[in-house]
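Start at 1 and go down the list; that is how both ligands and their atoms are numbered.
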Amino acid sequence: MAIADILHELEHHPRPCDKEGLKKSIRDALIHQAGKDPLEATPRDWLEAVSYAVRERMIERRMFTQRLFNREHAKRVYYLSMEYLIGRMLINSLLNLGFYDPTREALSEMGVDLLTIAELEPDAALGNGGLGRLAACILDSMASQCMPGYGYGIRYEYGMFQQQIEHGQQVEHPDNWLRYGNNWEFARPEKLFRVRFYGRVITHRDNGNIRHHWQDCEEVIAMAYDYPMPGYGNKNVNNLRLWAAKATRDFDLNYFNEGDYIGAIQKKAETETISMVLYPNDATAIGRELRLKQEYFFVSASIQDILQHHEEMGYRISELADKVALQLNDTHPAIAVAELMHLLLDKHELPWMTAWEITKSVFGYTNHTLLPEALETWPVAVMERVLPRHMQIIYDINFHFMNEVRHTFPGDTEIVRRLSIIDEDHGRQVRMAHLAVVGSHKINGVAALHTALLKDTLFNDFYRLWPERFVSITNGITPRLWLNQANPALSDLISEHIGRDWVMDLSQLKALESFADVARCRAEFRSVKEANKRHLASLVLERTGIHIDPTAMFDVQVKRIHEYKRQLLNLLHVVAFYNRIRRGEAAQQAPRVVLFAGKAAPSYMRAKQIIRLINDVADVINHDPVVDGWLKVVFYPNYDVSSAAVIIPAADLSEQISTAGMEASGTGNMKLALNGALTIGTLDGANVEIREAVGEENIFIFGLTAEQVAETRQRGYRPRTHYEENAELREVLDMIRSGFFSPDERGRYRALVDDLLGNDAFLVLADFAAYVEAQERADALYRNPEEWTRRAMLNTARMGYFSIDRTVQQYAEEVWGVNPECWI
Ligand code: 26W
């Protein structure tokens, strides 16, 4: 068959997506791919077979999508991210592709339950938390909106560690997610790029131009793995390309020739460690050389790939910014600025200024945190050794930049020192955030407050220099996963009233507002929530052995464990609540289940201790017959995307209680409110905008504002005053400190409490009284189920703004220069 005929055949006779067609594909895949007799097939074999059938259909569509983008000469958006927290792909793909029902029926006719086998799929957990999940939501949105958007990242062999709780403490286990193979990926053993490290730079003159040769390097091969990303309700399938490190063949040969066979293999394994494991640090910079190599490895392969495609399309390198937008997901890929310069200067031999103008027009940079300990810097000495040519380029970028600064602020040597890409005060470090800002035409924060703080503090000097570069783009979440898929009962209820178009236009939820005043609608909404709570209760029992009452208020805090997120504040309230019940004030309280979930970075001792304290407190409370029926405390182990999808639809109260000014945005806050939980929170991150959207009667706001936090610190904060003046707080802290919850080791939490009393860097004690008062408001409202439900419904109805589709449209218009009306 001629190529044209093959294409014609495919286009006109794609794999059928009806029940019979799917059934045949699944059966074929079971026999010919999994190699199993249907009579002996295990649930895992069926999972393999069904994912294979889905994969075949996705790949056809991806081919047509890519052909269309090429034909239309579309401008492409490339999202560069070290993390993608995707979760399971089967159900999501089926729902997006539109053949969930026929697949379920096909399987059912073969005696297999779709949802049961879907649970066997491991999460793709190639991310830590908010930043990685945002990247996954953005990919879903770009595909769903038919935007030519491509993700680039690393194919970690081991994703986010799996958390087990042993004797109340976190224990980490490796996440061997590829153990059973992975049908969602397409290995591209021919898509290879060389990535170099170390070596030295030789400079010579060529017709009056200075040329640089980077030589005597170590080489690693980046091999592509492609993950199709299907859009919702369309035939568009985009691509996520993840790179795996492979040793080069030359490299093998050299060692083999020297006769050191074992040494050669060892060196090969060492090279391939680059893509072995995701660093499980959330919000603390990792000063390890391997991390820098990971960053450069994926950035270099991605940019080479992007430029290669650009040339294959027949475009000139000078047109790059017309055809390509590159988004930096935090500073982790910021070395891309130097890498693009390196390729434009040394490979394409462009003049400096031309290369620099192109680079700036291509990049956008998203900042995700203000925490000083999270800001990446690399010692100049390390950068010089690992990437000598890039260090030269960074110096040159800085030279030109410093001249511009001196020109704008003549005589101000301080600002020159503060703005420099090189920090001279801490033993010469490259500030990656400065490199990202200088090399990007747009810099954005991820919520209004966060952007305002970026302009006022972290990037204030940059803002004074280039105010036009700063924009605010509030985060969002994908309604496909976080409502349509995770909460099918609520989704069906919503769709009965307003149709299903909200899945692609979340602002339509507004139309639900009027139903909040109809008693029957409230009853329906409540019964959905109750069913979700019963489902969660059964899972909690299975995972922890703890019985919880589905009629109690489900008060949840689910997110990474970090002092600034203040799980401790929540826990202090739990103990206060416990004491109130023991004092006989139970009648005034609504029964509660307080659920915590989240992972602590393995080296973050204080966070691990907080997990242990939660479990110790839970142990005492859950075994105290006096509070039985009133209070249960649960630490739900191994929080991941899949458990989030069960916990969030079952929540009544959403804890978003970070120290104001410290949570850049939060996105869990959006998921919970969308699913009809009321927020108890500080005026931090996107909580500020959630309050505006849902109305202040429908959210429990408390505590110091970001401004008051700054003032309090400036004045000289004295946490002990709160201990001295608040008897309830005193009682709680004394109990924890004296070992009430750790009778086997009474001093276990002494240092922790002493730190709160003497230092309290996150102002837990300062916000305690206001928090308890806000909890009382929540409690009182919960005891009025009609009014609670009404407000919960208004939360769902008013969350439209927080759709990731709105976020992506803003990036398209304000940063990427692609028009949503005609992306192609
Ligand atoms: C280099 C180590 C490291 C790793 C991760 C430093 C910093 C990070 C991230 C910035 C942490 C992160 O995930 N930030 C979160 O990003 C979300 C998406 O924008 C926001 O909603 C969260 O508020 C922010 O904490």
Ligand-residue contact atoms, ligand 1 with G666, heavy atoms, under 4.0 Å: 20 (C), 21 (O), 22 (C), 23 (O)
Residue part near ligand 1, for N475, under 4.0 Å between non-hydrogen atoms: side chain
H450 near ligand 1 by a heavy-atom separation under 4.0 Å: no
Test item, R133 contacting ligand 1 (heavy atom, 4.0 angstrom): no
For ligand 1, the portion of N281 having any non-hydrogen atom under 4.0 Å away: backbone
Top protein contact for atom 3 (C) of ligand 1, by heavy-atom distance: A283 N, 3.7 Å
Top protein contact for atom 24 (C) of ligand 1, by heavy-atom distance: H368 O, 3.5 Å
Per-atom contacts, ligand 1 versus A664 - under 4.0 Å to a heavy atom: 23 (O)
Nearest neighbour in protein (non-hydrogen) for atom 23 (O) of ligand 1: E663 OE1, 2.6 Å
More than 12 heavy atoms from other groups under 6.0 Å of CZ on R606: yes
Heavy-atom neighbours of E696 CD exceed 12 at 6.0 Å: no
Ligand 1 N/O within reach of S665 N/O, cut-off under 3.5 Å: yes
Sub-3.5 Å N/O-N/O distance, T284 and ligand 1: no
Per-residue contact class, D330 against ligand 1 - non-hydrogen pairs under 4.0 Å: side chain
